[in-house]
Protein chains: 2
Amino acid sequence: MLDSPAGLVPLAAEDILSLAERAYRRLRDAIVDGSLPGGERISERSLAQTLGISAQPVREALRRLEAEGMVVTLPRRGTLVAEFGPRRLAEMGLIRIALEGTAASLAARQAGAEDIAALLGLLRAMRPLLQGNDIAALAEANERFHGRIEGLTGNSFLQRSLEALRAYDHFGRLRALRSTPQEPRRAWREHAAILSAIRRRDPERAEARMRAHVRRSLEASGILDAFNT
Amino acid sequence: MLDSPAGLVPLAAEDILSLAERAYRRLRDAIVDGSLPGGERISERSLAQTLGISAQPVREALRRLEAEGMVVTLPRRGTLVAEFGPRRLAEMGLIRIALEGTAASLAARQAGAEDIAALLGLLRAMRPLLQGNDIAALAEANERFHGRIEGLTGNSFLQRSLEALRAYDHFGRLRALRSTPQEPRRAWREHAAILSAIRRRDPERAEARMRAHVRRSLEASGILDAFNT
DNA sequence: GCGACCGGACTGCAATAGCAGATTGCAGAC
DNA sequence: GTCTGCAATCTGCTATTGCAGTCCGGTCGC
């Protein structure tokens, strides 16, 4: 075997995304940020044309979006962007509370020492951000922390579901962090508490704390108002 | 409008399922019952041939199964049936506990009077089954009850996810009902308790009771043993 | 004028063909 | 015997074409 030249690292498979995957992300983002408003009719063919690809990957992306509730297609008639009002967003929020809780529980059950070290590192890295007010950086660090926890469950179904759910309140989260100046610190403390439960291998506590954290965060951004909780 | 001859009922949209949908169910069932064992390599082409359809719907079915964690595909290399040992089944069980709980919570929030009446009807219909020991009928009534609750959340994401999860422990549930003679009565009482919470529009209680019910049911069938709960 | 009808222009769905990575095995060089 | 490189043959992925429902607008019969 060749001894590999320094600085040459194996290619990540994530660099090359399929057209279907890229179409999916593009569409999801467009729906989330409102450039594809609810009720908008979209056809596989025309979409394919505007994206410069064939209809098949577009179709694949649409089916996936349909499974995630962002699009609804009436057979042989057309597919349109789903309308999700505050009610729908609140529903998705409740689902996210539940799934993030389960993720935390699983993480507490099967986290290795190095996983916990990595989480600690992420938590520490968030600390300096509390001083400034770079909301975008905070949000990203936030998502990285949650994403890491979900990742170490090793459950692809859970990960995929949560990724889809996150799209729903991506903007709500920014709002939450901005809403009150003490929100970032509060979130940080809650993250620390969750991590300590994971560290102690305490699934029940980790789940409860995660649920409380996500719920409170959603409430802070007003997403759960539709259920006047 | 023509007055329709007696016994002639409008066609249900479910009669005409797309090939992709049929392929999906076929494959899912085959995986669940073990005729497609874990690790088995499956190729779009050969599968299409054996099913007598083209590769496109097969591919669609596979992508969906992948999203549900029953299949894993390595890009440009192949796709194979996922191995899910007891651990994986237990994980899915935990997720199901969470989602069924959320479904019950949502149901309690937005159930109409007629929905509750329908649930009461289902519950009453299950009662005589407690006398006999037709396990299959009991299981079906069981699923109908749960399915109705999920249905009246009106959340397609939730419904679809739960349908996928149910496939995982379909057989485990039969085992649970058979395991102990008192299990069906116990399940019935728990169902009644859940329904009463929904009826009183008490989301928290409905969620808690549903979670406890599903958890206990999963424990009875040994699915959660992998986490020595 | 009014309603049934019919043809074109959509739609999602499926079939077919071909592309480019990935694997395997064999032939040849050393 | 071991390694290298090529080629056949897999794979998933994408493009193209065509099919069959569905909708819509004009037209014909009354």
Side-chain angles (χ1 to χ4, degrees), chain A residues 1-4 10-27 31 36 39-82 156 160, chain B residues 1-3 10-27 31 36 38-82 156 160:
Chain A
M1 175 175 295
L2 297 171
D3 52 339
S4 42
L11 288 178
E14 301 170 7
D15 296 340
I16 30 163
L17 292 174
S18 70
L19 289 185
E21 177 74 24
R22 281 189 273 174
Y24 161 75
R25 301 193 182 184
R26 192 83 148 249
L27 286 172
I31 293 175
L36 279 181
E40 178 96 345
R41 302 194 70 235
I42 47 187
S43 96
E44 298 177 354
R45 278 170 165 76
S46 57
L47 237 179
Q49 196 167 2
T50 63
L51 291 181
I53 61 179
S54 99
Q56 173 132 351
V58 170
R59 173 178 169 78
E60 212 167 292
L62 287 178
R63 304 305 288 208
R64 189 166 159 194
L65 287 168
E66 187 187 17
E68 297 172 357
M70 315 206 78
V71 131
V72 34
T73 129
L74 316 122
R76 306 269 177 194
R77 306 200 27 199
T79 119
L80 38 134
V81 179
S156 60
R160 204 175 176 120
Chain B
M1 175 173 299
L2 298 171
D3 52 340
L11 286 179
E14 302 170 8
D15 294 336
I16 32 164
L17 292 173
S18 69
L19 290 185
E21 176 75 23
R22 282 189 273 174
Y24 162 75
R25 301 192 182 184
R26 192 84 148 249
L27 285 173
I31 293 175
L36 278 180
E40 179 96 344
R41 301 193 70 236
I42 46 187
S43 96
E44 298 177 354
R45 279 170 167 76
S46 56
L47 238 179
Q49 196 167 2
T50 63
L51 291 181
I53 60 179
S54 96
Q56 176 140 346
V58 171
R59 173 177 168 78
E60 210 167 294
L62 287 178
R63 304 305 289 208
R64 188 166 160 193
L65 287 169
E66 187 187 19
E68 297 171 357
M70 314 206 79
V71 130
V72 34
T73 127
L74 314 121
R76 307 266 179 196
R77 304 195 30 192
T79 118
L80 38 132
V81 179
S156 60
R160 204 176 175 119

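If you're wondering where the values come from, they're calculated on a predicted model, not measured in any experiment. Convention: sequence-line order gives letters A, B, ...; per-chain numbering from 1.
Distance from the side chain of A/Ile53 is smallest for D/dA15 among the nucleotides D/dA15, D/dT22, D/dC13. For A/Ala20, taking side-chain heavy atoms from C-beta onward, the closest of the listed nucleotides D/dA15, C/dA22, D/dT14 is D/dT14. Nearest to the side chain of B/Ser54, among D/dC23, C/dA14, C/dA22, sits C/dA14. Of the listed nucleotides (C/dA15, D/dC13, D/dC19), C/dA15 has the atom at the smallest distance from the side chain of B/Gln56. Looking at the side chain of B/Arg77, the nearest of the listed nucleotides C/dC19, C/dA22, C/dC13 is C/dA22. Closest to the side chain of A/Ser18, out of D/dT14, C/dG12, D/dC23, is D/dT14. For B/Pro75, the listed nucleotide lying nearest its side chain is D/dC13; candidates were D/dC13, C/dG12, C/dC13.
Per the geometry, CD belonging to B/Gln49 stands 15 Å off C1' belonging to D/dC10, to the nearest Å. The interatomic distance linking A/Arg45 (CZ) with C/dC10 (P) rounds to 11 Å, in whole Å. Between the CG atom of A/Leu51 and the C1' atom of D/dA15 there is a distance of 15 Å, given to the nearest Å. Counting to the nearest Å, the C1' atom of C/dC13 and the CZ atom of B/Arg22 are 12 Å from each other. Spacing between atom CG of A/Leu74 and atom C1' of C/dC13 amounts to 14 Å, rounded to whole angstrom units. To the nearest angstrom, C1' of D/dT9 lies 16 Å from CD of B/Glu44. In this structure, CZ of A/Arg59 is placed 15 Å from C1' of D/dT16, rounded to the nearest angstrom. Rounded to a whole Å, the CG atom of B/Leu17 is 19 Å from the P atom of C/dG12.
Inter-residue side-chain proximity for B/Leu65 and B/Val81 is flagged as unmet; no heavy-atom pair is nearer than 4.5 Å. Contact check for B/Arg63 versus B/Arg59: side-chain heavy atoms found under the 4.5 Å cut-off. Looking at B/Arg25 and B/Leu17, their side chains come closer than 4.5 Å, going by heavy atoms from C-beta outward. Considering only heavy atoms from C-beta on, A/Val58 comes within 4.5 Å of A/Leu51 through its side chain. In this structure, the side chains of A/Ile42 and A/Leu27 stay at 4.5 Å or more apart for every pair of heavy atoms.
Toward the 5' end of DNA chain D, the nearer of the two residues B/Gly78 and A/Gly52, judged by each one's closest nucleotide, is B/Gly78. Checking B/Glu60 against A/Ser43, the closest nucleotide of DNA chain C that is more toward the 5' end is the one next to A/Ser43. Along DNA chain C, the nucleotide closest to A/Ser46 and the one closest to B/Leu19 are compared, and the more 5′ of them pairs with A/Ser46.
For C/dA20, the OP1/OP2 oxygens have no side-chain nitrogen or oxygen of B/Arg76 closer than 4.0 Å. Taking only side-chain nitrogens and oxygens, A/Arg41 never comes nearer than 4.0 Å to OP1 or OP2 of C/dT11.
Salt bridge B/Glu60/B/Arg64: absent, no basic N to carboxylate O contact under 4.0 Å.
Here B/Ile42 lies in heavy-atom contact (under 4.0 Å) with sugar-phosphate atoms only. Residue B/Leu80 is out of contact with every strand shown, counting any heavy-atom pair closer than 4.0 Å.
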